[in-house]
Amino acid sequence: MPAALLDNTVVIVSNAGLGHAEPALGVRVLGNYFRTLTELGAKPRAICFYTAGVKMVADDSPLLAELRVLAQAGVQLVSCRTCLEHYGLIDRVAVGEVGSIAQVIELQAAAAKVITL
């Protein structure tokens, strides 16, 4: 896959895992998704986390290593402040930036493609 295919793409993470399986499997598959992006050299413009998805950026997330690699590669990671506050995670963000839904909407509007996981 040419890496440029995702250059102007925003990925939305709205769950604490991928799909509707048991939680451990959902987290494992989401980790595989992030690792595979890196392996393919496919770098989305941004990954936005909201609702339960913000749990993936907390200091106890099993996906921190994968997310840090993406952030170091220049992928913007944005988490919804309201959602972080709701889950009591505002002081536990370990990767990316705390943003707003307005920022998420701006990223979506500027993107050529939005992928919701």
Side-chain angles (χ1 to χ4, degrees):
M1 161 192 286
L5 287 179
L6 291 180
D7 279 354
N8 196 17
T9 299
V10 172
V11 176
I12 302 295
V13 178
S14 61
N15 291 303
L18 189 59
H20 300 285
E22 47 282 350
L25 177 58
V27 169
R28 184 175 175 193
V29 174
L30 185 57
N32 288 343
Y33 182 93
F34 291 145
R35 271 190 302 283
T36 302
L37 282 177
T38 301
E39 290 167 3
L40 294 173
K43 189 173 78 170
R45 177 177 178 192
I47 302 174
C48 298
F49 301 85
Y50 54 77
T51 59
V54 299
K55 295 177 181 180
M56 299 295 92
V57 302
D59 56 9
D60 63 348
S61 168
L63 303 183
L64 286 180
E66 291 85 351
L67 292 173
R68 285 184 175 132
V69 168
L70 288 164
Q72 289 170 353
V75 177
Q76 184 179 8
L77 305 178
V78 179
S79 296
C80 168
R81 174 180 298 279
T82 302
C83 303
L84 290 164
E85 289 171 346
H86 174 81
Y87 288 109
L89 299 173
I90 193 72
D91 296 323
R92 295 185 43 213
V93 175
V95 65
E97 63 187 276
V98 176
S100 65
I101 287 297
Q103 187 176 6
V104 170
I105 291 168
E106 288 171 6
L107 286 164
Q108 290 173 323
K113 180 176 16 177
V114 176
I115 299 171
T116 302
L117 302 181

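- Minimum interatomic distance between C83 and V54 (heavy atoms only, all atoms of both residues): CB-CG1, 3.7 Å.
- Under a hydrophobic-cluster definition in which Ile, Leu, Val, Met, Phe, Trp and Tyr are linked whenever side-chain heavy atoms come within less than 4.5 Å, directly or via other members, V78 and V10 are assigned to the same cluster.
- Each of I47, V57, V13 was scored for a side-chain contact (heavy atoms from CB on, under 4.5 Å) with L77, with one residue passing: I47.
- Side chain of K43 to backbone of G74: no donor-acceptor contact under 3.5 angstrom is found.
- At a threshold of 4.5 Å between side-chain heavy atoms, the hydrophobic network of Ile, Leu, Val, Met, Phe, Trp and Tyr places L64 and L70 in one connected group.
- Counting heavy atoms from C-beta outward, Q108 and I12 have side chains that approach closer than 4.5 Å.
- Side-chain contact between S79 and V98 is absent, with no heavy-atom pair separated by less than 4.5 Å.
- Residue-environment remark: CZ (R35) exceeds the threshold of 12 foreign heavy atoms within 6.0 Å.
- With a 4.5 Å cut-off on side-chain heavy atoms, C80 and V104 do not count as touching.
- Within the 4.5 Å cutoff, no side-chain heavy atoms of L117 are placed close to those of N15.
- Under a hydrophobic clustering in which Ile, Leu, Val, Met, Phe, Trp and Tyr are joined whenever their side-chain heavy atoms come within less than 4.5 Å, directly or via other members, V69 and V11 fall into different clusters.
- For the pair A94 and R68, the tightest heavy-atom approach, listed with the atom from each and the gap, is O-NH2, 3.5 Å.
- The shortest heavy-atom contact between V95 and A71 is CG2-CB, 4.2 Å.
- In the hydrophobic clustering of this structure, I101 does not group with L89; members are Ile, Leu, Val, Met, Phe, Trp, Tyr whose side-chain heavy atoms approach within less than 4.5 Å, directly or through other members.
- When hydrophobic clusters are built by joining Ile, Leu, Val, Met, Phe, Trp and Tyr residues whose side-chain heavy atoms come closer than 4.5 Å, directly or via intermediates, L84 is grouped together with M56.
- Looking at heavy atoms from C-beta onward, F49 lies in side-chain contact with L67 at the 4.5 angstrom threshold.
- Note that CD of E106 is 7.0 Å distant from OG of S100, once rounded to the nearest 0.5 Å.
- The two residues V27 and A16 come nearest to each other via the heavy atoms CG2-O, 3.3 Å.
- In this structure, Q76 and L107 have side chains that are in contact, with non-hydrogen atoms separated by less than 4.5 Å.
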